[in-house]
Amino acid sequence: VMAHVKTFGVCCPKAAGIIHLGATSCYVGDNTDLIVIRDGLDILLPKVARCIDRLSCFADAHKALPTLGYTHFQPAQLTTVGKRSCLWLQDLVSDLSNLERCRKSLRFRGVKGTTGTQASFLQLFEGDHEKVEALDEGVTAKAEFERAYIITGQTYPRKVDLAVISELASLGSSIHKMATDIRLLANHKEIEEPFEKDQIGSSAMAYKRNPMRSERCCSLARHLMALVANAQHTNATQWLERTLDDSANRRISIPEAFLTADVLLSTLQNICEGLVVYPKVIERHVVQELPFMATESVIMEMVKCGASRQECHEHIRVLSQEAAAQVKQHGKDNDLVQRIRDSQYFAPVHTRLDAILDPSAYTGRAPQQVERFLREEVQPSIAAYKSQLDGKVTLNI
């Protein structure tokens, strides 16, 4: 700060004697930090909106494509590819809202003096409180803030840094979750992130297509999430009106939080713009599990035809265990459907099996949920950024 004071004094000798009069370094540094934080959020918010826009297009395109749902990473009831991506979308929409709220709540430190009492400025204005308040309001308006904090110590509340970094870290956790899911699905060869024509997946295994973008997102997101602890400790250890042990930490943690969030959003947008889906692989995985899921429907259809529920249950149980043994012990495909077709007991429903085994019959209201979610929540959330949604992200991998 003093280097600037001296430099400005050289540039404007007449003002040299009064530059920085009544002020403290935090008048310069903290107010500047708040301006930079505000402008940084203004840069990030449209990038979040772009990721939401790209992912919403993906969700809509695949809203009716049945896929295995997983709980405990074990096959569960079916969902759709689009519905699953809406889980990611919902987190991002929440992050956008939280960051907008954080941006809106920012205030300026303003003109407060060494311990926040404005005593030096009150002395300069010879006890005129109205002039002090007018100066505070004028500087705040000049910096394009609507409000300044009424109460501060020497610094603005370090809880502001904690709130901002916490929201950025929350965004990081959302991206980490999505990128992890993509990595798991890439292992199943159901979904892949973009892969450049000349990209090398592995230096050792030429055939591999490692999900490098998603791995990068997870790595950087972990760093972003870890930065919250810095802001927590800085806020907790501010003694009385201020201690200087916050300074060096903040010079690292705040810029790193914004820079990390920025590269995460650029990488995520690139992923969303090039996600590849393999319906045939997904269908094969569904076919392997659907026969077991459909057994209750088979039982209900048999009961409609006059069969005993308990007797039918026993027949299904035996055939299911035989089919499971083929899969687990012999590494063969699930042949439960063929076993049902070969059983005379199930003859009354043989002609209905194809309809019973239609995967779309087991996705519930997933397509309708996607449509409503996109219409009622996603599109309104990014409407304010309509003019900022253009532009693709290209990465050199």
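Below, all heavy atoms of this structure are taken into account, side chains as well, without hydrogens, waters or symmetry copies.
- Asp262 pairs by the salt bridge (charged side-chain N to carboxylate O under 4.0 Å, His left out) definition with Lys47, not counting sequence neighbours.
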Without placing hydrogens or testing angles, list every side-chain donor-acceptor pair under 3.5 Å for residues 119-128, not counting sequence neighbours.
residue: Ser120; atom: OG; partner: Gly22; partner atom: O; Å: 2.7
residue: Asp128; atom: OD1; partner: Glu130; partner atom: N; Å: 3.1
residue: Asp128; atom: OD1; partner: Lys131; partner atom: N; Å: 3.2

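- Tracing side-chain contacts under 4.5 Å through hydrophobic residues (I, L, V, M, F, W, Y), one reaches Val349 starting from Met293; they form part of the same cluster.
- Taking Ile, Leu, Val, Met, Phe, Trp and Tyr as members and joining any whose side-chain heavy atoms lie under 4.5 Å apart, directly or through other members, the hydrophobic cluster of Ile151 also contains Ile150.
- In the hydrophobic clustering, where aliphatic and aromatic side chains (Ile, Leu, Val, Met, Phe, Trp, Tyr) are joined below 4.5 Å either directly or transitively, Ile252 stands alone.
- Between Glu273 and Lys392, no side-chain nitrogen of the basic residue sits less than 4.0 Å from a carboxylate oxygen of the acidic one, so the salt-bridge criterion is not met.
- Among pairs with a residue in residues 339-389, those fulfilling ring pair (Phe, Tyr, Trp, His ring centres under 6.0 Å) read His315-Tyr345, at least two apart in sequence or across chains.
- Residue pairs meeting the ring pair (Phe, Tyr, Trp, His ring centres under 6.0 Å) criterion with at least one member in residues 136-188, sequence neighbours excluded: Tyr70-His188, Phe73-His188, Phe108-Phe145, His188-His285.
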Would you be so kind as to tabulate the donor-acceptor pairs closer than 3.5 Å made by side chains of residues 217-231, with sequence neighbours excluded?
residue: His223; atom: NE2; partner: Glu256; partner atom: OE1; Å: 2.9
residue: Asn230; atom: OD1; partner: Asn249; partner atom: ND2; Å: 2.9

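- Classification of Asp60 and Lys63 as a salt-bridged pair holds, one side-chain N sitting under 4.0 Å from a carboxylate O.
- Checking Leu96, Leu265, Ile382 one by one against Leu45, the side-chain contact (heavy atoms from CB on, under 4.5 Å) holds for a single residue, Leu96.
- Shown here are the salt bridge (charged side-chain N to carboxylate O under 4.0 Å, His left out) partners of Glu322, two or more places apart in sequence or in another chain: Arg339.
- To the nearest 0.5 Å, atoms CG (Leu268) and CZ (Arg213) are separated by 12.0 Å.
- The ring pair (Phe, Tyr, Trp, His ring centres under 6.0 Å) contacts involving residues 230-260 comprise nothing, where partners must be two or more places apart or lie in separate chains.
- A search for salt bridge (charged side-chain N to carboxylate O under 4.0 Å, His left out) contacts involving Lys104 returns nothing, not counting sequence neighbours.
- Taking 4.5 Å as the limit, every side-chain heavy atom of Cys86 sits out of range of all side-chain heavy atoms of Gln369.
- A search for salt bridge (charged side-chain N to carboxylate O under 4.0 Å, His left out) contacts involving Asp333 returns Arg284, not counting sequence neighbours.
- Salt bridge status for Lys112 with Asp136: present, with a side-chain N to carboxylate O gap under 4.0 Å.
- The side chain to side chain donor-acceptor pair (under 3.5 Å) contacts involving residues 12-37 comprise Asp30-Arg158, Asp33-Arg250, where partners must be two or more places apart or lie in separate chains.
- Between Thr115 and Gln154, the side chains place no donor N or O within less than 3.5 Å of an acceptor N or O (distance only, hydrogens not considered).
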